[in-house]
2 protein chains.
Amino acid sequence: MKGHNYSSKREAIFKTIASTKSHPSAKWVYEQLKDEIPNLSLGTVYRNIALFKEQGKVISVASVNGEERIDADISDHAHFVCENCGCVYDLFSSELSPLEKELTRNSFEITRKNVVFHGICKNCKLN
Amino acid sequence: MKGHNYSSKREAIFKTIASTKSHPSAKWVYEQLKDEIPNLSLGTVYRNIALFKEQGKVISVASVNGEERIDADISDHAHFVCENCGCVYDLFSSELSPLEKELTRNSFEITRKNVVFHGICKNCKLN
DNA sequence: TAAAAAACAGTAATCATTCCTGTTTTCTGT
DNA sequence: ACAGAAAACAGGAATGATTACTGTTTTTTA
């Protein structure tokens with residue numbers, strides 16, 4: 001069975017994801033770690049991210065310029081994606097309950113909700 | 001300048017997108033049209049979808065299994081993506097205003113908001 | 001401490017999407 | 001209607017993110 005053995009690389013990958021608020025891509029995680037772990041393979045990063053998603057330890061929050069962006073903060077919050085710089089920001093709010101109730105009433109099972117605003121972020125607007 | 005000449009293929013592509021509630025992928029649109037238009041190229045479908053997005057005539061609503069899914073209904077509504085069958089459903093509600101206000105107050109410019117719930121849809125639950 | 005299982009590196013394959021080049025269609029002014 | 005000029009297109013090659021494969025290394029277990 002997979003995901004049951006200790007692995008120093010898996011641990012390093014998870015720590016890297018959990019210690020940033022940048023909502024990283026697989027490549028970003030790989031770039032961060034390759035100096036510290038010279039023989040790390042990009043495939044290992046992808047494989048472990050897939051495992052973390054199965055385990056519910058990370059979630060996919062958005063696809064930005066063809067790259068999947070993930071988050072180890074699995075608490076109930078929304079995101080804002082800047083279409084200019086690709087930055088992903090956290091948004092904390094719980095004003096979506098009417099939608100959730102409507103879905104539940106209609107027999108849809110919500111396993112995850114993804115709230116993404118697109119636009120231009122504060123930093124980009126100020127150049 | 002692009003997008004200024006008439007094109008029968010462009011018209012057919014837009015009509016196909018506008019006449020379905022399936023939130024199609026580029027490939028789906030191509031499959032629908034290739035019998036009617038035998039020499040249609042998949043690249044043409046992609047090129048025209050990109051043009052429609054620039055013109056604001058279609059929006060990207062979600063990425064499902066690596067495929068971008070689009071919608072010609074650009075009215076303010078959210079979507080529900082079934083993780084089992086990949087179907088994308090429309091959700092009509094306007095209960096997201098507190099989030100929008102918070103963003104606007106903080107100098108974020110919203111050009112588009114993307115509200116996606118993930119889970120298992122009614123049809124899949126009932127097998 | 002020796003199999004057995006899991007994880008890995010490195011590379012090849014896949015697949016959606018974009019790019020390129022030569023051809024066809026559409027437009028515009030006469 | 002007709003001849004450039006501009007735009008759109010087909011078909012195929014290129015790109016780039018992600019996944020799969022194979023032989024090797026690490027971890028577990030007993």
Side-chain angles (χ1 to χ4, degrees), chain A residues 1-17 22-55 57-71 81 83 86 88, chain B residues 1-17 22-55 57-71 81 83 86 88:
Chain A
M1 210 183 313
K2 72 183 163 180
H4 281 207
N5 279 3
Y6 170 82
S7 149
S8 60
K9 287 172 184 174
R10 178 173 302 152
E11 186 178 9
I13 291 167
F14 186 75
K15 278 186 179 165
T16 299
I17 298 167
S22 70
H23 308 85
S25 64
K27 196 178 192 177
W28 186 92
V29 174
Y30 173 71
E31 296 292 337
Q32 294 299 117
L33 287 170
K34 73 179 183 188
D35 285 338
E36 181 186 337
I37 308 171
N39 70 335
L40 181 65
S41 167
L42 180 57
T44 296
V45 176
Y46 274 107
R47 183 160 22 79
N48 279 284
I49 287 174
L51 179 64
F52 298 150
K53 287 202 286 182
E54 277 177 35
Q55 296 174 336
K57 295 169 75 178
V58 310
I59 54 174
S60 170
V61 296
S63 178
V64 182
N65 297 326
E67 284 188 329
E68 182 175 44
R69 303 287 290 270
I70 59 173
D71 195 347
V81 178
E83 295 195 319
V88 180
Chain B
M1 209 185 311
K2 73 184 161 179
H4 279 209
N5 280 3
Y6 170 81
S7 148
S8 59
K9 288 172 184 173
R10 178 174 301 152
E11 187 178 10
I13 292 166
F14 187 75
K15 278 187 179 166
T16 300
I17 299 168
S22 70
H23 307 84
S25 64
K27 197 179 192 176
W28 186 92
V29 174
Y30 173 70
E31 296 292 337
Q32 294 299 116
L33 286 170
K34 73 178 182 188
D35 286 338
E36 182 186 336
I37 308 172
N39 69 335
L40 181 66
S41 167
L42 181 56
T44 296
V45 176
Y46 274 106
R47 184 161 20 81
N48 279 285
I49 288 174
L51 179 64
F52 298 150
K53 288 202 286 182
E54 277 178 35
Q55 295 175 335
K57 294 170 73 178
V58 310
I59 54 174
S60 170
V61 296
S63 177
V64 181
N65 297 326
E67 282 187 332
E68 182 175 46
R69 303 286 291 271
I70 59 173
D71 196 346
V81 177
E83 296 193 319
V88 179

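Letters A, B, ... are given to chains in the order of the sequence lines, protein chains preceding strands, and every chain is numbered from 1.
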Please report, rounded to the nearest Å, how far the [atom2] atom of [N] is from the [atom1] atom of [X].
X: Asn39(B); N: dA8(D); atom1: CG; atom2: C1'; value: 12 Å
X: Ile13(A); N: dA7(C); atom1: CD1; atom2: P; value: 12 Å
X: Leu51(B); N: dC9(D); atom1: CG; atom2: C1'; value: 14 Å
X: Arg10(A); N: dT27(D); atom1: CZ; atom2: C1'; value: 11 Å
X: Glu67(A); N: dT19(D); atom1: CD; atom2: C1'; value: 16 Å
X: Glu54(A); N: dT19(D); atom1: CD; atom2: P; value: 11 Å
X: Ile37(A); N: dT26(D); atom1: CD1; atom2: P; value: 13 Å
X: Arg69(A); N: dT18(D); atom1: CZ; atom2: P; value: 11 Å

### Message
Enumerate the salt bridge (Lys or Arg N to Asp or Glu O under 4.0 Å) contacts for residues 60-69 of chain A, please, sequence neighbours excluded, ordered by first and then second residue.
### Response
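Residue pairs passing salt bridge (Lys or Arg N to Asp or Glu O under 4.0 Å), neighbours aside: Lys53(A)-Glu68(A).
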### Message
Among residues at least two apart in sequence or on other chains, which ones pass side chain to side chain donor-acceptor pair (under 3.5 Å) with Ser7(B)?
### Response
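By the side chain to side chain donor-acceptor pair (under 3.5 Å) rule, Ser7(B) matches no residue at all.
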### Message
Testing the basics here: between Trp28(B) and Pro24(B), what is the closest heavy-atom pair and its distance to 0.1 Å?
### Response
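Shortest heavy-atom contact: CE3-CB, 3.2 Å.
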### Query
How far apart are the closest heavy atoms of Ala62(B) and Val81(B), and which atoms are they?
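Between these two residues, the closest heavy atoms are CB-CG2, 3.9 Å.
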### Task
Might you work through the side-chain contact (heavy atoms from CB on, under 4.5 Å) test for Val64(B) and Val88(B), ending with a clear yes or no?
CA-CA 9 Å; Val64(B) 181; Val88(B) 179; 4.3 Å; yes
### Query
When every nucleotide of nucleotides 18-30 of chain C is labelled 5' to 3' by its protein contacts under 4.0 Å (heavy atoms), B for base, S for sugar-phosphate only, - for none, what sequence of letters results?
B-------SS---
### Task
Can you sort out which residues in residues 24-32 of chain A have a heavy atom within less than 4.0 Å of DNA chain C? Ascending by number, please.
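Contacting residues: none.
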### Query
Residues two or more places apart in sequence or in another chain: which of them pass salt bridge (charged side-chain N to carboxylate O under 4.0 Å, His left out) with Lys15(A)?
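Glu11(A).
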### Query
Under 4.0 Å between a side-chain N/O of Lys9(A) and OP1 or OP2 of dA9(C), yes or no?
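Yes.
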### Query
Can a side chain N or O of Asn48(B) be found less than 4.0 Å away from OP1 or OP2 on dC9(D)?
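For dC9(D), OP1 or OP2 has a side-chain N or O of Asn48(B) closer than 4.0 Å.
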### Query
Counting distance only, does the side-chain N/O of His23(A) pair as donor-acceptor with the main-chain N or O of Asp71(A) below 3.5 Å?
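No; judged by distance alone, with no hydrogens or angles, the pair does not exist.
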Distance-only check: which donor-acceptor pairs under 3.5 Å involve side-chain atoms of residues 34-52 of chain B, not counting sequence neighbours?
unit_1, atom_1, unit_2, atom_2, d
Lys34(B), NZ, Glu31(B), OE1, 3.1
Ser41(B), OG, Gly43(B), N, 3.3
Thr44(B), OG1, Arg47(B), NH2, 3.0
Asn48(B), OD1, Arg10(B), NE, 2.7
Asn48(B), ND2, Thr44(B), O, 2.9

### Intermediate values then yes/no, side-chain contact (heavy atoms from CB on, under 4.5 Å), Tyr30(B) and Ile13(B)
CA-CA 8 Å; Tyr30(B) 173 70; Ile13(B) 292 166; over 6 Å; no
